[in-house]
There are 2 protein chains.
Amino acid sequence: MARAVPDTHGEILAAAARQFTVTGYRGTSLQDIAREVGCSKATVLYHFANKEALLAELMAPAIGVLRDLDDRLTGLTGTAAQEVAAEGFVDLAVRFRREIAVLRGEFPELLCQPAFAHIQQISDRLRDALAGHSDRPGARIAALVLLAGISEACGEFADITDDDLRSALLTLVRRAVEPVDAALPQQPTTEDKDS
Amino acid sequence: MARAVPDTHGEILAAAARQFTVTGYRGTSLQDIAREVGCSKATVLYHFANKEALLAELMAPAIGVLRDLDDRLTGLTGTAAQEVAAEGFVDLAVRFRREIAVLRGEFPELLCQPAFAHIQQISDRLRDALAGHSDRPGARIAALVLLAGISEACGEFADITDDDLRSALLTLVRRAVEPVDAALPQQPTTEDKDS
DNA sequence: TCAGACCCTGACCGATCGGTCAGACTGAGG
DNA sequence: CCTCAGTCTGACCGATCGGTCAGGGTCTGA
């Protein structure tokens, strides 16, 4: 059979994805990646301008989907925004479990890099949408906890199929999100003083 | 006035806490800490055997409380376990917002260090308790999302008082956790197929 | 006055990091 | 045959990391 063209570029990308999910971006050296691929560190830097470019190419698809979701959210408010945000983010988190796991806690530093310039604003808008654009602390807190928790947790359930994980998460979010409509007031919690 | 005894040890600890929460454990060098304190790096290593020992002393109180919670959970099952786990963890997360933020995503590596040997097992037990010791995927997923989300999110709400944050989180957890007892069935959500 | 504990430091160490560079190898085209 | 572009590499760079070490100040108690 014809010797397959050695797709070194793709192999490096795949190896980087694996390593990043295990030891994080900063915790993975170019040497580590080169070792797994079976090439030299210089080869990695021949195919990618620098370490950041490698990460950027790895995250590009996920970021594209995140941008699409952001577009779909513009103009929506209240329950409609919550539902779109919930479905959209759950789907994104499940599909890109691995990519999201890469950012494990390295968000603050990574977001400073130009390739990820607008992520912070997008995820802020996403959180607002999930909170139904309410400024009640309970709504904001619930939204952030859910987004952060889903991001963090998705990578842990490698044994669960995408469909199962998606439906379980969506059920959870719908149950957990603070309803924005005052139309259905729930029982007041222990104390509700607006000082 | 009498010159106050310079509590270098405490100053280093405080500076480390500040820096760790901003740039993470690995992202903070001993040099950074020394610079903030206004001493040499060698001084930092005079007061603490090594970087890990500095982190360990910083986390000790939080770990103690976590251990206590773990003790209180032994023997509990079902709803009782869920309630104790929820209250205990929310309280812990709020009180030690800063300490928890330090571990921002560096859990996997840090847990390998001897000082944090049993944390993983404790948090596994905590998750099981919050899931009511159910092995249903939905329950496990909800528990993990909530624990991870609360850990991640707590540090973000510096503008909210402990009490407000605690009650908001507790309300969220009670709303979001998957009820374990079939005894009190709530209205079935959109779809409830047990495949 | 002196010894010793305590506190602190500059200089230094080996390791590792991301990144550069000149050059070797290879295969296709003229 | 030669050329040339594409691919890859070992050697090397400066920076930074955590950590060591010998020694200098300072205070206290005998």
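Numbers restart at 1 for each chain; the letters A, B, ... are given by sequence-line order, proteins then strands.
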Side chain of [X] (C-beta onward), nearest among [options]:
X       : options                : answer
A:His47 : D:dT20, D:dC8, C:dC21  : D:dC8
A:Tyr46 : C:dG18, D:dG18, D:dT7  : D:dT7
B:Thr43 : C:dT20, C:dT9, C:dC17  : C:dT9
B:Leu30 : D:dG6, C:dG19, D:dG19  : D:dG19
B:Ser40 : D:dG18, C:dG19, C:dT9  : C:dT9
A:Ala42 : C:dC17, D:dG18, C:dC21 : C:dC21

- [ ] Taking B:Ser123 for its side chain and B:Gln120 for its backbone only, find out whether a donor-acceptor pair lies under 3.5 Å.
- [x] yes

- [ ] Taking A:Arg97 for its side chain and A:Gly155 for its backbone only, find out whether a donor-acceptor pair lies under 3.5 Å.
- [x] no

Task: Phosphate-side-chain proximity, A:Thr8 and D:dC8, N/O vs OP1/OP2 below 4.0 Å - done: yes

Open item on the list: I want to confirm an ordering. Mapping A:Asp32 and B:Cys39 to their closest nucleotides on DNA chain C, which one lands closer to the 5' end?
Closed with: B:Cys39

Atom-to-atom span, [atom1] of [X] to [atom2] of [N] - whole angstrom:
X       : N      : atom1 : atom2 : result
B:Arg26 : C:dA15 : CZ    : P     : 21 Å
A:Gln31 : D:dC8  : CD    : P     : 16 Å
A:Tyr25 : C:dC17 : OH    : P     : 13 Å
A:Leu45 : D:dC13 : CG    : C1'   : 14 Å
B:Lys41 : D:dC21 : NZ    : P     : 14 Å
A:Asp7  : D:dT7  : CG    : C1'   : 13 Å

Open item on the list: If you define the side chain from C-beta out and look only at heavy atoms, does anything of B:Val84 sit under 4.5 Å from B:Leu69?
Closed with: yes

Task: B:His9 side, atom NE2; B:Leu54 side, atom CG - distance, nearest 0.5 Å - done: 8.0 Å

